[in-house]
Trainee: 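The following block contains the structure, expressed as structure tokens.
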Amino acid sequence: MNDQFFYENNRFTILKKRIYTILLPVFFFSFCFIFYLVAKERALDLVNKITFISLCAGLAISYLFLIFKKNSFRNVELAVCFIGISVFLLRIYDSILFVLGKDNFVHIGTVSYWFSLVYILLFFTFRGKKALAISLIIYLLTLLPGTYHIFFSSQFSIDSLDTLVQFYIANIGNIVALYFFQKIIEVFLQAEVAQQSANTDYLTGLPNRRKMDKLLHEQICDAVNGGFPISISLFDVDYFKKVNDTYGHDIGDSVLIELANLLQKNVGPADFIGRWGGEEFLLISSNRNLSNMGELAESLRILISCHSFEKVGSLTCSFGSAELKKNEMAKDLLRRADEGLYVAKENGRNRVIGK
């Protein structure tokens, strides 16, 4: 995992997409405005023209890809990284080789404001030692014009040396700090992945039995303390063994995945749906009595029976529903729902039975 170039954590990728969606247009309009002001006040030299045109065009194109090509985020990341590094190195070389020390000017210039962002961008895009190696390569490339200035430039002075030393120390400090900060992020990401794996069904992506059992106990406590009803429904796919025997287990797995996606799109925000085991699922609904749960289960039953599953066609499900009674525990509620499911099976399947 540590040898990978990029982060593969979905939630982290979603977060990065949101950040890019906000920052790309902000930087684009900012650089366009600065470009306009500078061009209005004086004639731009070649370096400034390349800088602003590259930034404005590159950011605009990257943003369009980000918005209209949803699967292009990795390419957008790399493009923004390449543009940022290229412009940064161009401005560093120009500032140190042609500006530093000239007419007693002993500062690197505005490019020094951006070196932190360039390295942050690198550690934001690449992982671990890969990000460190690329950052050190960029750092070594920035050392070249500084070395030339110290040993060969007629504009060298003690003040320009002081500027370069502080700039390079700040750079290396920034790189080291980001490397170890990234290690901290890695720990949190790995912990999140482990927790998600422990609570998520590997096949369907739904909460697994462990997670649903925990949710059921939490929802029961909330319902008892809040004085509102809570109901559940246990249901499974009718004749699922026949699907596996006829089409094979791979097709059976695809049916469960398709069913899980169908269910997720058709339950409310206060409903929890998870895989209880095999072809069996559990639905938990807060603020629903048995009658309301029966209506929800019936709507899902009709939805499933009308749906055409890829390669197997029509399938049905049987439901057993139950509402929490006074002084009842989770195991009692589950037992009654399971009894309802058994009755539904015994009475011809493809039906909802409340207990």
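Computed from a prediction, not measured in an experiment: that's the story for all the values here.
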Trainee: Donor-acceptor pair, distance only, cut-off 3.5 Å: does the side chain of Thr246 make one with the backbone of Val243?
Mentor: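 Not a single qualifying donor-acceptor pair exists.
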Trainee: Between Leu324 and Ile220, is a side chain to side chain contact (heavy atoms under 4.5 Å, CB included) present by the stated rule, with each step listed?
Mentor: CA-CA 8 Å; Leu324 183 71; Ile220 287 176; 3.8 Å; yes
Trainee: Indicate yes or no for a side-chain donor-acceptor contact from Tyr119 to the backbone of Ile172 under 3.5 Å, with no hydrogens or angles considered.
Mentor: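 It does not hold such a pair.
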Trainee: Is the Phe167 to Phe115 ring centre distance short of 6.0 Å?
Mentor: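 Ring centroids of Phe167 and Phe115 are less than 6.0 Å from each other.
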Trainee: Hey, can you tell me if Phe73 and Tyr20 have their rings parallel, tilted or perpendicular (30° and 60° cut-offs)?
Mentor: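 Perpendicular.
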Trainee: Under a 3.5 Å distance rule, please check whether Glu258 uses its side chain to pair with a backbone N or O of Glu310 as donor and acceptor.
Mentor: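 Indeed, once roles are kept as given, a pair shorter than 3.5 Å links the two residues.
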Trainee: Closer than 3.5 angstrom, by distance alone: can the side chain of Gln155 be matched with the main-chain N or O of Leu100 as a donor-acceptor pair?
Mentor: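 Yes.
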Trainee: Do Glu298 and Glu295 have side chains that approach each other closer than 4.5 Å (heavy atoms only, starting at C-beta)?
Mentor: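 Glu298 does not reach Glu295 side chain to side chain.
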Trainee: Under the 3.5 angstrom rule, does the side chain of Ser308 hit a backbone N or O of Ser314 as a donor-acceptor pair?
Mentor: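 Answer holds: no.
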Trainee: Run the ring-centre check on Phe281 versus Phe319 and record whether the distance is less than 6.0 Å.
Mentor: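 Distance test on ring centres: not under 6.0 Å, no.
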Trainee: Going by atom types alone, do Arg275 and Asn208 pair a side-chain donor with an acceptor below 3.5 Å?
Mentor: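 On atom types as modelled, these side chains do not qualify, holding no pair under 3.5 Å.
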Trainee: What I want to find out is whether Asp332 reaches Lys325 closely enough, with some N-O distance under 4.0 Å, to be called a salt bridge.
Mentor: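 No salt bridge links Asp332 with Lys325.
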Trainee: Flag the pair Phe88 / Thr142 as yes when at least one side-chain heavy-atom distance between them is below 4.5 Å, and no otherwise.
Mentor: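 Yes, at least one pair of side-chain atoms sits under 4.5 Å.
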Trainee: Kindly work out whether a path of hydrophobic side-chain contacts (I/L/V/M/F/W/Y, heavy atoms less than 4.5 Å apart) joins Met329 to Leu215.
Mentor: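 As far as the 4.5 Å side-chain criterion goes, Leu215 and Met329 are not connected within one cluster.
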Trainee: Just wondering, do Asp238 and Lys345 contact through their side chains at under 4.5 Å, heavy atoms?
Mentor: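 Side chain of Lys345 against side chain of Asp238, heavy atoms only: contact under 4.5 Å found.
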Trainee: Just by distance, with hydrogens left out, do Asn174 and Asn171 show a side-chain donor and acceptor under 3.5 Å apart?
Mentor: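 No, because no side-chain N or O of Asn174 sits under 3.5 Å from a partner of the opposite role on Asn171.
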Trainee: Less than 4.5 Å apart, side chain to side chain, heavy atoms only: is that true for Leu90 and Val111?
Mentor: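 A side-chain contact is absent here, since even the closest heavy-atom pair is not under 4.5 Å.
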Trainee: As an exercise, state the distance from OG of Ser321 to CZ of Arg336, rounded to the nearest 0.5 Å.
Mentor: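 CZ of Arg336 is found 10.5 Å from OG of Ser321.
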Trainee: Check whether any side-chain heavy atom of Ile134 sits under 4.5 Å from a side-chain heavy atom of Phe126, and report yes or no.
Mentor: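 A side-chain contact exists here, since the closest heavy-atom pair is under 4.5 Å.
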Trainee: Say whether Leu341 and Ile273 are linked into one hydrophobic cluster, either directly or through other cluster members, by side-chain heavy-atom distances under 4.5 angstrom.
Mentor: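 Different clusters: Leu341 never reaches Ile273 through Ile, Leu, Val, Met, Phe, Trp or Tyr contacts under 4.5 Å.
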Trainee: Could you tell me how the ring of Phe105 sits relative to the ring of His107: parallel (under 30°), tilted (30 to 60°) or perpendicular (over 60°)?
Mentor: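 Perpendicular.
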Trainee: Would Ile304 and Leu263 count as a side chain to side chain contact (heavy atoms under 4.5 Å, CB included) if you check the C-alpha gap in whole Å, the side-chain angles of each, and the deciding distance to 0.1 Å?
Mentor: CA-CA 9 Å; Ile304 295 166; Leu263 292 168; 4.1 Å; yes
Trainee: Side-chain contact, heavy-atom cut-off 4.5 Å: Val237 with Phe309?
Mentor: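 When only atoms from C-beta onward are counted, Phe309 and Val237 do not touch, as no gap falls below 4.5 Å.
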Trainee: Any donor-acceptor pair under 3.5 Å linking the side chain of Ser254 with the backbone of Ile251?
Mentor: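 Yes, Ser254 side chain to Ile251 backbone: donor-acceptor pair under 3.5 Å.
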Trainee: Could you walk me through whether Ile85 and Leu122 pass the side chain to side chain contact (heavy atoms under 4.5 Å, CB included) check?
Mentor: CA-CA 9 Å; Ile85 292 169; Leu122 283 169; 3.5 Å; yes
Trainee: So do the side chains of Met293 and Val352 get within less than 4.5 Å of each other, counting heavy atoms only?
Mentor: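 No, too far: nothing below the 4.5 Å cut-off.
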Trainee: For the atom pair CG (Leu161) and NE2 (His149), what is the distance rounded to the nearest 0.5 Å?
Mentor: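 The distance works out to 8.0 Å.
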Trainee: Determine yes or no for a side-chain-to-main-chain donor-acceptor pair under 3.5 angstrom, with Asp338 supplying the side chain and Leu334 the backbone.
Mentor: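 Side chain of Asp338 to backbone of Leu334, a donor-acceptor pair under 3.5 Å: no, none is there.
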Trainee: Charged N to carboxylate O under 4.0 angstrom, Glu186 versus Lys183?
Mentor: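 The answer is no: the pair does not qualify as a salt bridge.
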Trainee: Do side-chain atoms of Glu280 reach the backbone of Asp236 as a donor and acceptor pair under 3.5 angstrom?
Mentor: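 No, the answer is negative, given that no donor and acceptor are paired below the 3.5 Å cut-off.
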Trainee: If you round to the nearest 0.5 Å, how far is NZ of Lys242 from CG of Leu315?
Mentor: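 Interatomic distance, Leu315 CG to Lys242 NZ, rounded to 0.5 Å: 10.5 Å.
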Trainee: Would a 4.5 Å heavy-atom cut-off, applied to side chains only, mark Leu296 and Ser233 as touching?
Mentor: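 The answer is no, as the side chains (C-beta and beyond) never meet within the 4.5 Å cut-off.
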